[in-house]
Structures are given as C-alpha cells and as structure tokens.
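For reference, the structure discussed in these notes is given below.
Keep in mind that this is a model prediction, so the values were computed, not measured. Side chains included, hydrogens not; waters and symmetry mates left out as well; all remaining heavy atoms used.
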Amino acid sequence: QILIGHLVGAGRFNDAYHRCIRSLQMAMVMAGVLSLVFMLFSRKLLGLFTSDPEIIELGRLLIFLSIILEPGRAFNLVVGNGLRAAGDFRFPVYAGVIVMWGIGVTSAYLFGVHFGLGLVGIWLSFILDEWGRGLAVFWRWRSRIWEQKALVRTQELPS
C-alpha cells in the first residue's frame, strides 16, 4: 500500500498498477501455501485445544476450506488497499458493504440455516464474500479509474 501510494503520488501509474499485481500474486501464493501447511498439521494443532474427535474433524474441514478462503482474503485486502492508496477509497467501502450484505449475509443464512450446513455453511459464505469483494476491487483496479482519483501528484518541473 505504501509503495503504491508513493508511485501514484509520483504520477507513475503504470508502475503502481504492476506493483499491485505483483503484490497480489505474492500474497495469494503465500496465503495458499500457508493454508496448505496449516492443513497438513491441523490434526496435531487442533489436538492442542481439544480431544473431541468431532470438533477436530469439523476444525479440519474448516481449515481445508481456508485453502480457498485465504487467497480470496489476500485478493480482497491487497487490491482493496491498493485502491485506497491510489486515492480511490470510496469504492472498496461501497463494494464491501454491497457484497457483505448482498452475498455474505444472504449466503450465510442460506447455507448455514436454510440448508442446515451450520458452521461449514458460514465458512462457505466467508469464501463467497472474500472472493466477491476481491473480484469487485480487482475489476476496479483493472479499469484504472483509480488513476483519476489520486489525491496527491508530484508535478514535473519544466525543462
């Protein structure tokens, strides 16, 4: 976010655009890899907190679903913060409210209550929420509308 803010402030929009994409790639890979590692050790880790096999299996399922959730969270956070750094701070807020209430809350009720999936249904709604917000802010980033929203720009000196 700081790097993007500096690049936008310097008027280096193309560099800012690519910095965000590179940061996004790194964050999504790291989130996926760390989730996989956590999944590999989930039985032992959960065993530190409980010996109940039902809770351990539910926890393992939620950790498995986190392999999908966490890259989506990275997607949402990296690009959303890139937009904020570029001065386009309203869009992530509006997209967040619309997606959280329109998709997150609605799907949590549908999956968790209506279809009886309980906590697993709530986790599925988290996945839809994070990926939905991530896709919304990524669309905005790729549109480059944020270039017009820069709050500070360094002026080039006349030659």
- Query: Got a second to check how far Ile98's CD1 is from Met100's CE, nearest 0.5 Å?
  - Reply: 10.5 Å
- Going hydrophobic residue to hydrophobic residue with side-chain gaps under 4.5 angstrom, can you get from Phe126 over to Leu110? yes
- Note on the structure: Closest heavy-atom pair, Ser35 versus Ser66, reported as atoms and distance to 0.1 Å, is OG-O, 3.4 Å
- Note on the structure: What one should report as the nearest heavy-atom pair of Ser107 and Ser125 is OG-CB, 3.0 Å
- Please check if any side-chain donor atom of Arg84 sits under 3.5 Å from a side-chain acceptor atom of Asn81, or the reverse. yes
- Query: Under 6.0 Å between the ring centres of Trp141 and Phe138?
  - Reply: no
- Query: Closest heavy-atom contact between Leu62 and Leu119?
  - Reply: CD1-CD2, 3.4 Å
- Query: Among the clusters formed by ILVMFWY side chains lying less than 4.5 Å apart, do Leu48 and Met39 turn up in the same one?
  - Reply: yes
- Message: Measuring from atom OG1 of Thr50 to atom CD1 of Ile56, what distance do you get when rounded to the nearest 0.5 angstrom?
- Response: 5.5 Å
- Task: Take Trp131 and Ile68 through the side chain to side chain contact (heavy atoms under 4.5 Å, CB included) test and state the conclusion after the steps.
- Result: CA-CA 9 Å; Trp131 279 95; Ile68 302 166; 4.0 Å; yes
- Message: Measuring from atom OH of Tyr109 to atom CZ of Phe115, what distance do you get when rounded to the nearest 0.5 angstrom?
- Response: 10.0 Å
- Task: Mark yes when over 12 heavy atoms from residues, nucleotides or ligands other than Arg22 sit less than 6.0 Å from its CZ; otherwise mark no.
- Result: yes
- Message: Let me confirm one number: the NZ-CG distance from Lys149 to Asp88, rounded to the nearest 0.5 Å.
- Response: 5.5 Å
- Item | Closest contact, heavy atoms only, Phe91 versus Ala136 | CE2-O, 3.4 Å
- Apply side chain to side chain contact (heavy atoms under 4.5 Å, CB included) to the pair Leu58 and Val120, showing each step before the final yes or no. CA-CA 8 Å; Leu58 177 60; Val120 172; 3.7 Å; yes
- Item | Phe13 six-ring centre to Arg144 NZ/CZ under 6.0 Å and within 45° of normal | no
- Query: When you look at Leu65 and Ile127, which way does the side chain to side chain contact (heavy atoms under 4.5 Å, CB included) test go after all the steps?
  - Reply: CA-CA 8 Å; Leu65 290 173; Ile127 292 169; 4.1 Å; yes
- Item | Distance, nearest 0.5 Å, that separates CZ of Arg90 from CG of Leu83 | 13.5 Å
- Determine, step by step, whether Leu46 and Ile63 satisfy the side chain to side chain contact (heavy atoms under 4.5 Å, CB included) criterion, reporting the C-alpha distance in whole Å, the side-chain angles of both residues, the deciding distance to 0.1 Å, and the verdict. CA-CA 10 Å; Leu46 292 166; Ile63 292 169; 4.0 Å; yes
- For the hydrophobic clusters of this structure (ILVMFWY residues joined by side-chain heavy atoms under 4.5 Å, transitively), does one cluster hold both Val137 and Trp101? no
- Shortest non-hydrogen contact between Phe111 and Leu124, atoms and distance: CD1-CB, 3.8 Å
- Within one Ile-Leu-Val-Met-Phe-Trp-Tyr cluster: Leu69 and Leu34, side-chain cutoff 4.5 Å: no
- Same apolar cluster: Phe75 and Leu77, side chain cutoff 4.5 Å: no
- Do you know which two heavy atoms are closest between Gln1 and Ala85, and how far apart they sit? O-CB, 3.2 Å
- Task: Drop me the distance from Arg12's CZ to His6's NE2, to the nearest 0.5 angstrom.
- Result: 11.5 Å
- Would you mind checking if Asp15 and Arg19 are paired as a salt bridge, meaning a charged N to carboxylate O distance below 4.0 Å? no
